[in-house]
2 protein chains.
Amino acid sequence: MSTRKVRGASIAPATASATSESAQADPLHALDRIDRAILRQLQTDASISNVALAAKVKLSAPACLRRVERLKESGLIRGVVALIDPKAAGAGMLVIIGVVLDRSTPESFAEFEKAAQKVAGCMECHVVTGEFDYFMTIRTRDSDSFNRLHAEQLLYLPGVRQIRSFMVLKEILSTTKFPL
Amino acid sequence: MSTRKVRGASIAPATASATSESAQADPLHALDRIDRAILRQLQTDASISNVALAAKVKLSAPACLRRVERLKESGLIRGVVALIDPKAAGAGMLVIIGVVLDRSTPESFAEFEKAAQKVAGCMECHVVTGEFDYFMTIRTRDSDSFNRLHAEQLLYLPGVRQIRSFMVLKEILSTTKFPL
DNA sequence: CTTGAAATACTACTACG
DNA sequence: CGTAGTAGTATTTCAAG
């Protein structure tokens, strides 16, 4: 891959050249069959070379590269990252946490969100409907280290009324890729 | 990057060349300062070229490449993937689902897990402790499409006693990268 | 506006010290 | 681990659909 210059490449409107694709109401722009094939591949393995990718989607290398760069500049591809095996990296424990705040004021929410993002190993934090205000997922080494985190950080998050911890016993599925 | 041949490269013991690093009890093998710097970078942006990566970690290009390949072969780097912006791809809605099964038998769990992985847009599925048996996260287009999914798929998952849906109103944090 | 072919610049990769 | 050389790729340019 290699991200080199990427000079003044104008973000073109990107109309689906010739073939009229269905594209059932996509927000940004219509993706044709080839774009979707590219995205499916890159979601699975982005370490593939551009020439190999071009061959897979039956396109010349330059044309393929242009599409990939367009997808990146349009923001549809947020980034290309390496996925680390949590267990191998010493963060084999996953805990899902439901949080209820004391008060439902904008200040209370803002303060909590600011602090929550700094919690070590916090992978996700979402505002939800229902009996909780937030769900968070936290990666940590083991139950000892989680206990420490719980006692030293989670219980001191601002404006928290209640915290319920759901320890993950088995990770059935965990993917970053969704259907296109 | 480009994963080309990657021939019979033996998985070397990976002795920290000169400087003796502490490495506080890592499962697979000790990671020195440079390995961690490489992993931090690749977790953030893996589209960087090897020469640029080598410069960042103050190493020669071949030495850097050898480390990256060792990290891949050791399984610590599970893969390199493109992250898609869900909203731009027409899957802007996220729902967290708590599931309680009818019976807590091995067969019941196995049957559920098999079916759950086939649910369209299911990103995560975990066995948890506490008042639920499973937590799932599902990405879908909007509330209409979620309602359809709920009525047509979720309610027909085998052995389900109860399903509670927590609609995500705001995604505060969602990352694939954790501290090293 | 997009594609593909050819030419160039740079990188990944190999052998060796 | 670093240096030097080779092979292959990314990237630009350009012409054409």
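Letters A, B, ... are given to chains in the order of the sequence lines, protein chains preceding strands, and every chain is numbered from 1. Computed from a predicted model, the values in this text were never measured in an experiment.
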For B/Phe178, give me all partners under ring-ring contact (aromatic ring centres under 6.0 Å, His included), at least two apart in sequence or on another chain.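 Here no residue qualifies.
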
Which residues pass the side chain to side chain contact (heavy atoms under 4.5 Å, CB included) test with B/Thr140, not counting sequence neighbours?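 Checked B/Thr140 against side chain to side chain contact (heavy atoms under 4.5 Å, CB included); matches are B/Met93, B/Ser145, B/Phe146.
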
Taking B/Met167's backbone N and O only, do any of them form a donor-acceptor pair with A/Thr129's side chain (distance below 3.5 Å, no angle check)?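 Checked: pair present.
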
Rounding to an integer number of Å, can you tell me how far [X] [atom1] sits from [N] [atom2]?
| X | N | atom1 | atom2 | answer |
| --- | --- | --- | --- | --- |
| B/Arg67 | D/dC1 | CZ | C1' | 9 Å |
| A/Asn50 | C/dG4 | CG | C1' | 14 Å |
| A/Leu65 | C/dT11 | CG | P | 14 Å |
| A/Leu53 | D/dT9 | CG | P | 13 Å |
| A/Glu69 | C/dT2 | CD | C1' | 15 Å |
| B/Asp32 | D/dC1 | CG | P | 8 Å |

Polar pairs (N or O, both sides) under 3.5 Å between protein and nucleotides 2-6 of chain D?
from, atom 1, to, atom 2, distance (Å)
D/dG2, OP2, B/Ser60, N, 3.1
D/dG2, OP2, B/Ser60, OG, 3.1
D/dG2, N7, B/Arg66, NH2, 3.3

As a test of understanding, state which of B/Cys125, B/Cys122, B/Ser165 forms a side chain to side chain contact (heavy atoms under 4.5 Å, CB included) with B/Ile97.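 So the option named by the test is B/Ser165.
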
Side chain proximity check, B/Gln43 to B/Thr176, heavy atoms < 4.5 angstrom: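 SC-SC contact between B/Gln43 and B/Thr176 ruled out.
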
Quantified as the angle between the terminal helix axes (five pairs each), what is the overall bend of the helix from C/dC1-D/dG17 to C/dG17-D/dC1 to 10 degrees?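 The end-segment axes of the helix from C/dC1-D/dG17 to C/dG17-D/dC1 are tilted 30° relative to each other.
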
Salt bridge flag under 4.0 Å for residues A/Arg67 and A/Glu73: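 So A/Arg67 does not pair with A/Glu73 through a salt bridge.
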
Extract all donor-acceptor atom pairs below 3.5 Å that involve side chains of residues 100-113 of chain B and protein atoms in other chains or at least two apart in sequence.
from, atom 1, to, atom 2, distance (Å)
B/Thr105, OG1, B/Ser108, N, 3.1
B/Ser108, OG, B/Arg103, O, 3.2
B/Glu113, OE1, A/Lys170, NZ, 3.2
B/Glu113, OE2, B/Tyr134, OH, 2.6

Kindly give the cluster partners of A/Tyr156, where membership spreads through any ILVMFWY side chain lying under 4.5 Å from a current member.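 Result for A/Tyr156 is none, singleton.
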
